S.K.: 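If you scroll down you'll find the structure; I have some questions about it.
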Amino acid sequence: MNLIFLGPPGSGKGTLASYLVKKTGIPQISTGDMLRAHQAHGTKLGLEAKAYMDKGELVPDSVIIGMVNERLKEEDCKNGYILDGFPRTLAQAHALEEIADIDMVVFMAVDNEIIVKRLSGRRVCPDCSGTFHVSTLDNPELCPNCGGKLIQRVDDCETTIRKRLKVYDEQTAPLIAYYREKGLLRGIDASGSVEDNRRDFENLIKA
Ligand code: AMP
């Protein structure tokens, strides 16, 4: 299946997608992770994207569309994939239509105040890509999976989180109606736990 996970930042798209990668073997295509990998390698694209990402703004469509276009041509995408964080604008959705047949769009709904709490307490491990909430950690600096040093993403400070939510409402939320009209949209209430999201997603697939 070719799936899109659609939802505001912090709705749990990445966490659910990485669970499915382990379960099904189909790849997770996270444009945020791809951009961060470019930054880590100091590429021209990474440097260009950083200014937008740190401010909570969207990276220009032309950059993102080119990057996803190349990624979807790779061998591991032949049997399906999960798009996590793409498309984020109508222009990206139109471009995707030219290169892919999407089977389902899973919309993950969460209230803004829950998101602010989730993201401002989020810590990530640059070594194993684990994601945690500070409230669940014995030591807020140490990755419980691999012992790596946890960091807080620059864009996970409250002002930037609120900016990202505004950008989401203005530029990404219109995709909900777009995919509903195409008959592709399904939804889950993603305001609960990681386990709730998994269960609701699995029920959705069974249905
Ligand atoms: P994420 O990891 O999905 O929260 O993305 C982090 C940041 O990367 C976003 O705030 C944007 O600046 C940028 N980004 C990720 N995906 C896209 C996209 N599809 N279009 C534009 N910018 C993106």
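When a residue number appears, it is its place in the shown sequence, counting from 1. As the structure lists them, so they are numbered: ligands from 1, and atoms in each ligand from 1. Because the structure is predicted, anything quoted here is derived from the model rather than measured.
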S.K.: Using a 4.0 Å heavy-atom cut-off, say whether V167 meets ligand 1 through its side chain, its backbone, both or neither.
M.R.: neither
S.K.: To the closest 0.5 Å, what do you measure between CD1 (I26) and CG (D76)?
M.R.: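 The CG atom of D76 is 10.5 Å from CD1 of I26, to the nearest 0.5 Å.
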S.K.: Return the residue, atom name and 0.1 Å-rounded distance of the protein heavy atom closest to atom 16 (N) of ligand 1.
M.R.: T31 OG1, 2.8 Å
S.K.: Between K166 and D169, is there a salt bridge with N-O shorter than 4.0 Å?
M.R.: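 Salt bridge flag = no for K166 with D169.
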S.K.: Tell me the protein heavy atom at minimum distance from atom 20 (N) of ligand 1, and give that distance in Å.
M.R.: Q92 NE2, 2.9 Å
S.K.: What's the separation between atom CD1 in I205 and atom OG1 in T24, rounded to the nearest 0.5 Å?
M.R.: 10.0 Å
S.K.: I need the nearest protein heavy-atom contact for atom 1 (P) of ligand 1: residue, atom name and distance, please.
M.R.: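 Here the closest protein heavy atom is R88 NH2, 3.6 Å.
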S.K.: Relative to atom 23 (C) of ligand 1, which among V63, D84, I64 owns the nearest non-hydrogen atom?
M.R.: I64
S.K.: If you measure every N or O of F86 against every N or O of ligand 1, does any of those distances drop under 3.5 Å?
M.R.: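 Not met; the criterion fails.
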S.K.: Looking at R164, which atoms of ligand 1 are within less than 4.0 Å of one of its heavy atoms?
M.R.: 4 (O)
S.K.: Can you list the atoms of ligand 1 that are under 4.0 Å from a heavy atom of L35?
M.R.: 8 (O), 13 (C), 14 (N), 15 (C)
S.K.: With sequence neighbours excluded, tell me which residues meet side chain to side chain contact (heavy atoms under 4.5 Å, CB included) with E202.
M.R.: Y19, K23
S.K.: Starting from atom 22 (N) of ligand 1, what is the nearest protein heavy atom, named by residue and atom, and what distance separates them?
M.R.: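 Of every protein heavy atom, V59 N, 3.1 Å lies nearest to atom 22 (N) of ligand 1.
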S.K.: State the atoms of ligand 1, each with its element, that fall below the 4.0 Å cut-off from a heavy-atom position in R36.
M.R.: 2 (O), 6 (C)
S.K.: Would L35 and L45 satisfy side-chain contact (heavy atoms from CB on, under 4.5 Å), going step by step from the backbone distance to the final call?
M.R.: CA-CA 8 Å; L35 293 168; L45 191 156; 3.6 Å; yes
S.K.: Salt-bridge test for E158 and K163: reply yes if a basic N is under 4.0 Å from a carboxylate O, no otherwise.
M.R.: no
S.K.: Verify ring pair (Phe, Tyr, Trp, His ring centres under 6.0 Å) between F201 and F5, making sure each step is shown before the conclusion.
M.R.: CA-CA 11 Å; F201 176 79; F5 283 180; 5.7 Å; yes
S.K.: To which protein heavy atom is atom 4 (O) of ligand 1 closest, and what is the distance rounded to 0.1 Å?
M.R.: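 Protein heavy atom at minimum distance: R153 NH2, 3.2 Å.
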S.K.: Testing T31, T172, D61 for side chain to side chain donor-acceptor pair (under 3.5 Å) with Q92, which one passes?
M.R.: D61
S.K.: Please work out, at 4.0 Å between heavy atoms, whether the side chain, the backbone, both, or neither of E57 comes within that distance of ligand 1.
M.R.: backbone
